[in-house]
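Below: one structure, written as structure tokens.
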Amino acid sequence: MAIRTEPVTVNLGPQHPSTHGVFRLRVTFDGEVVLDVEPVFGYLHRGTEKLAEERTYVQVVTLTDRLDYVSAMTNNLAYVRAVEKLAGIEVPERAKYLRVISSELQRIASHLIATGFLLQELGAFATPLMYCFRERERILELFEMLCGARITVSYMRPGGVLQDAPEDFWPALDELVKAMPQYIEELEGLITSNEIVLARTKDVGVLTAEKAINASVTGPMLRATGVQWDLRKADPHEVYDRVEFDVPIGAIGDTYDRYLVRVQEMRQSLRIIEQCVKQIPKGDIRSRTAYFIRPPVGDAYGAVESPKGELGFYLVSDGGIAPYRCKIRSPSFINLTVLRDLLAGWKMADLIIIFGSTDIVLGEVDR
Amino acid sequence: MAKALAGTDVARRINETFSGVALESNKTDVWVAPDDLHRAAKFLHDDKELDCAMLLAITAVDYVERFELVYHLRSMRKNHTVVIKTRLSGREEPAISSVTDIWQGADLQEREVWDLMGIRFEGHPNMKRVLLWEGFPGHPLRRDFVR
Amino acid sequence: MYGAGMAKGLLVTMKNFVKPDRMFTVQYPDRKVSPTELAKMSGVGVFTFMRKNPKTAFKAMTGQMTVPARLKQHPRFRGEEFTWYEQRCTGCASCAKYCPLGIIRIVTSPSGEQVQEGQKYHLDVFDIDIGRCMFCGLCVEACPYDALHMGSGFEEGKYRRKDLVVTVDRLKSQPKHPSTWFRPQIQGKEGYHPHGEKDVTWQEAGRHEQPSRKHQEEKWAKR
Amino acid sequence: MEGQAVKAGFDFLGIYGFFDGLMPESLDWLAFLVAGFILAFAIINALVVSTAVYTWFERRALGKFQSRLGPNRWGPFGLLQPIADVVKFMSKEDTVPDGADRQVFTLAPIVFVATGFLVFALIPLGSNDWLSRLNIGLVFIIAVTSVNTLAIFMAGWSSRNKYAMFGAMRGVAMLISYEVPMALAIAAVALASQSLSTYTVVTNQEVPFMLVMPLAFFIFVAAASAEMSRTPFDLIESESELGSGYHTEYSGMKFALFQLAEFMAPIIVSCIVATLFLSGWRGWGPIPGQVWFILKALVVLCALLWFRATWPRLRVDQIMEFAWKGLFPLSLLNLFAVATEIQLLRDPVTGALTDSDMWAMAAINWAITGIVFLAVSRMFARKQLQRPLPKPSPLANMGAEAE
């Protein structure tokens with residue numbers, strides 16, 4: 001006897017424990033199996049691009065903090081890079097190093113969050129999440145030393161950084177760089193070889209390299225598919241061409257690979273910081289720029305490798321004190337393109353972890 | 001170091017295959033007519049030398065008398081970037097052909113452009129608003145949008 | 001070996017269980033203290049302390065003793081209330097201009113006073129609406145005379161929106177404990193911390209020496 | 001509770017005898033009733049209070065595991081936290097969703113809690129402190145724990161919520177599957193102790209059955225943690241997927257009842273494990289049996305807590321696979337091995353098993369367990385732990401310079 005079944009449509013979200021904010025997945029289930037997914041978002045849309053048109057070039061820095069609110073430093077960096085390209089501003093050496101140090105710290109913090117929440121979604125009762133937050137806390141303390149804020153840093157300015165690091169910053173940074181590898185080791189001990197994690201994440205949500213490139217996927221998600229592409233190497237900005245680091249890649253592009261790539265990137269970031277601390281010269285931290293920057297008429301696209309992928313700012317200037325158009329190429333938003341292809345056919349529990357492994361931040365998706 | 005291909009070179013290459021498609025060019029950008037955009041995009045994607053495998057971003061800029069669409073393209077194998085632009089006239093629902101069949105990555109971005117700028121992409125499988133709700137009056141990123 | 005990974009995970013959690021020295025909970029506004037800690041605070045041995053004040057020691061042992069605790073912050077922390085020096089302010093309204101949100105309201109009238117450089121205006125209104133403020137600090141960065149500083153408080157919760165506006169009277173009267181954010185001259189001061197009792201005078205808060213007449217004339221001539 | 005010296009302990013007969021002595025003979029039934037009520041009252045309250053303490057303990061211990069503090073504000077070390085929780089639950093609005101089946105919706109938490117209390121009646125806390133010496137105790141435990149399934153299904157179905165439905169459906173599938181290996185593991189215990197009564201299981205348990213039948217112990221603990229839906233088997237209420245599963249729509253006291261039953265489950269399971277596999281109240285030296293029992297139960301409780309704090313959750317199909325392809329064959333193998341050993345080792349006339357027989361069984365069973373473990377680990381390890389080495393894809397070349 002054939003039992004008649006009918007698909008069930010469930011709204012996962014906007015208030016669901018594992019949607020990373022206000023995000024809605026309209027999912028059609030056949031039993032536990034996902035038939036169709038439609039992401040619905042925009043709940044956090046604040047019109048950053050429109051707001052930027054009415055702010056001066058420096059004031060927009062504060063808006064970029066609020067895009068990807070777990071990695072404000074890289075947002076600042078991407079924006080000020082675009083402005084510097086547009087207006088032709090030179091940056092002092094010391095500022096470049098400070099920028100790299102702070103954005104690599106931010107990358108570690110962001111990847112810690114991604115890993116912690118992935119494990120939370122796997123059902124590990126908050127323990128890995130708490131460990132991740134514990135380590136992130138130390139990084140945020142460093143940010144507080146650097147610029148007086150922990151999340152919304154507003155640290156970088158066109159032409160340099162806001163202010164030099166205080167004296168007690170350097171010993172604290174050394175301590176962190178020394179202690180961090182063993183924390184990452186500990187985190188890996190809890191997760192990497194755990195058979196339950198392997199059973200849940202291995203071969204789940206496989207993304208192929210061709211598909212990823214065609215769908216403009218960037219960041220750890222792209223690297224997990226085996227494509228060795230990192231903007232820090234491909235188009236070295238700041239001082240990335242003066243430091244040595246590897247670009248970790250995954251083997252097959254499944255959820256486990258995405259996790260592994262993130263963990264290995266944390267190690268590489270520590271390597272970069274270590275070398276930067278050795279190399280950093282004394283000197284200015286900010287070149288003299290007018291407070292109201294008036295770039296020449298034209299456009300510029302500046303991008304950096306943010307923890308989520310390629311974060312780009314496309315600025316159009318009409319010669320005034322505010323950008324005529326400020327387009328944000330947000331990696332979280334564009335990585336969502338493949339969501340439907342990734343999720344269809346998997347089970348409900350897989351849906352949650354695949355979605356978690358894409359590591360989106362709603363502030364950046366909705367802008 | 002990634003290289004931004006000179007617009008004139010790219011324009012020359014495009015015109016060698018489809019003559020007259022690239023209207024004008026300067027050091028960085030190439031302008032094509034909106035009707036030829038799809039052809040040019042397909043060529044840029046398929047050509048072995050240009051090899052633009054990834055569509056980085058689609059931006060619409062509102063210059064009041066016209067809209068300008070900016071396509072940032074990137075070759076992963078050759079490590080260079082190409083910028084092509086096209087000008088659209090008319091403020092009442094200007095339309096252009098979609099490039100989703102060439103790059104899947106255009107999917108959400110074209111929806112976003114439609115949502116915020118009001119440029120319709122013909123041939124897009126799911127041309128709906130993405131950030132704002134259906135029934136939102138107007139397209140907020142336009143310069144003449146009034147709350 | 002199958003199961004080894006799971007066992008490794010168990011060891012990691014057990015290590016954290018038996019060695020809670022990396023506990024990162026911050027207790028606020030007060031925290032529980034143990035008798036040992038209390039004894040250390042009063043500067044005597046644990047047993048002496050227990051013998052002297054058995055009642056407190058017992059309370060501490062049963063986990064009922066609390067001492068006030070303030071969050072550990074760097075002196076650079078950008079806090080909620082602002083520190084403002086009337087003597088340094090000329091009423092130029094740079095802060096209001098640079099505020100991305102436009103939440104600083106300034107009304108000035110000519111005063112005829114000359115404090116440092118150029119003419120000084122009298123401030124009739126200087127309202128900072130911290131209910132909408134995002135503490136980016138651009139106003140402080142913009143202030144040419146180092147008159148406005150960030151504070152380091154974070155306990156400005158109010159029941160009404162209009163109470164969140166920091167008025168000029170409050171700015172005048174509140175203790176001057178500026179954050180050292182973007183103010184290297186305060187940061188360089190030995191042992192200064194915004195949480196301390198010591199006020200910073202308006203002379204100390206400024207970066208600039210008193211400019212000479214000649215210097216000013218040169219500067220103006222350039223414009 | 002009284003020590004062993006008192007002839008009739010704190011059990012039904014003792015209380016009944018006491019009241020029977022007070023009353024005239026025609027009021028026998030009243031004495032019966034009063035004794036029953038007193039017992040029921042005592043057991044329910046003892047269990048509720050210990051659950052309350054356990055919630056505090058679990059939250060503090062989980063806090064330690066996660067390197068944070070856990071509740072420490074209300075009362076010494078936060079001990080009064082459960083009271084605060086209950087007050088909060090009671091002051092919350094008791095909502096019933098629109099379109100829910102009101103009767104079933106109200107009944108579900110009651111059924112859910114009642115099963116836990118029923119099981120506890122059979123646990124002998126000491127050689128004299130038992131509340132019911134039912135001669136089919138093991139069968140009763142299996143039967144009553146399956147009523148759980150019904151309660152979960154009632155809650156999920158009547159809520160008229162899709163998440164609750166998902167939780168309930170998962171719950172029914174999983175609980176029914178795990179009852180099979182659990183029952184088979186209990187059957188092995190019954191064979192070895194040659195009794196179905198929980199009391200006799202302990203008295204006949206000269207050697208703790210955990211040592212005699214490690215495989216059965218493992219199966220029982222795994223199945224039981226699935227039955228009470230704790231990690232790694234907590235997919236019924238997996239909060240990252242389903243909100244909170246079958247009790248998504250519950251609030252106020254009804255939700256508190258679910259919480260009570262949920263936190264009660266580990267206590268009951270650890271008591272059952274202590275009884276069936278750790279030789280209950282038996283111990284050495286001057287320490288009274290009750291203390292031994294509580295200690296053993298506490299050890300099991302802490303181990304379950306430790307697992308919960310560490311491991312993530314399995315997927316629904318993996319859990320079902322684990323039940324039917326893993327635990328079920330293992331429990332059959334275990335039952336077969338134990339039955340064969342008993343047939344070979346027991347006294348041919350009386351059928352009794354001596355201590356040395358038990359130790360012999362233990363040796364054989366440990367060997368079997370080791371072989372099975374190695375075989376299974378070989379089988380899975382090859383499949384799971386090997387991954388291809390990452391190879392850079394030819395689709396990208398970061399070092400390339402455009403010509």
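Sequence lines set the chain letters: A, B, ... in the order given, protein chains first and strands last, and positions in each chain run from 1.
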Worksheet item: For residues Asn16(C) and Gln66(D), is any side-chain donor paired with an opposing acceptor at under 3.5 Å?
Response: no

If you draw a 6.0 Å radius around [atom1] in [X], do more than 12 non-hydrogen atoms from other residues or ligands fall strictly inside?
{"X": "Lys158(C)", "atom1": "NZ", "value": "yes"}
{"X": "Tyr28(C)", "atom1": "OH", "value": "yes"}
{"X": "Arg105(C)", "atom1": "CZ", "value": "no"}
{"X": "Phe47(C)", "atom1": "CZ", "value": "no"}
{"X": "Lys8(C)", "atom1": "NZ", "value": "no"}

Worksheet item: For the atom pair CZ (Phe17(C)) and CG (Leu305(D)), what is the distance rounded to the nearest 0.5 Å?
Response: 8.0 Å

Worksheet entry | Nearest heavy-atom neighbours spanning Phe65(D) and Thr13(C) | CD2-O, 3.5 Å

Item to complete: Go through the atoms of Trp311(D) and report whether side chain, backbone, both or neither lie under 4.5 Å from a heavy atom of chain C.
Response: side chain

Fill in: Donor-acceptor under 3.5 Å (Lys32(C) side chain, Phe77(D) main chain)
no

Discussion item. I'd like to know if the side chain of Thr25(C) reaches the main chain of Leu69(D), judged simply by a donor and an acceptor atom lying under 3.5 Å from each other, with no hydrogens or angles considered.
Written reply: yes

Worksheet item: Given a strict heavy-atom distance threshold of 4.5 Å, which part of Met14(C) is in contact with chain D: side chain, backbone, both, or neither?
Response: both

Fill in: Partner residues of Leu295(D) under the side chain to side chain contact (heavy atoms under 4.5 Å, CB included) criterion, sequence neighbours left out
Val291(D)

Worksheet entry | Side chains of Arg73(D) and Asp30(C) in contact at under 4.5 Å (non-hydrogen atoms) | yes

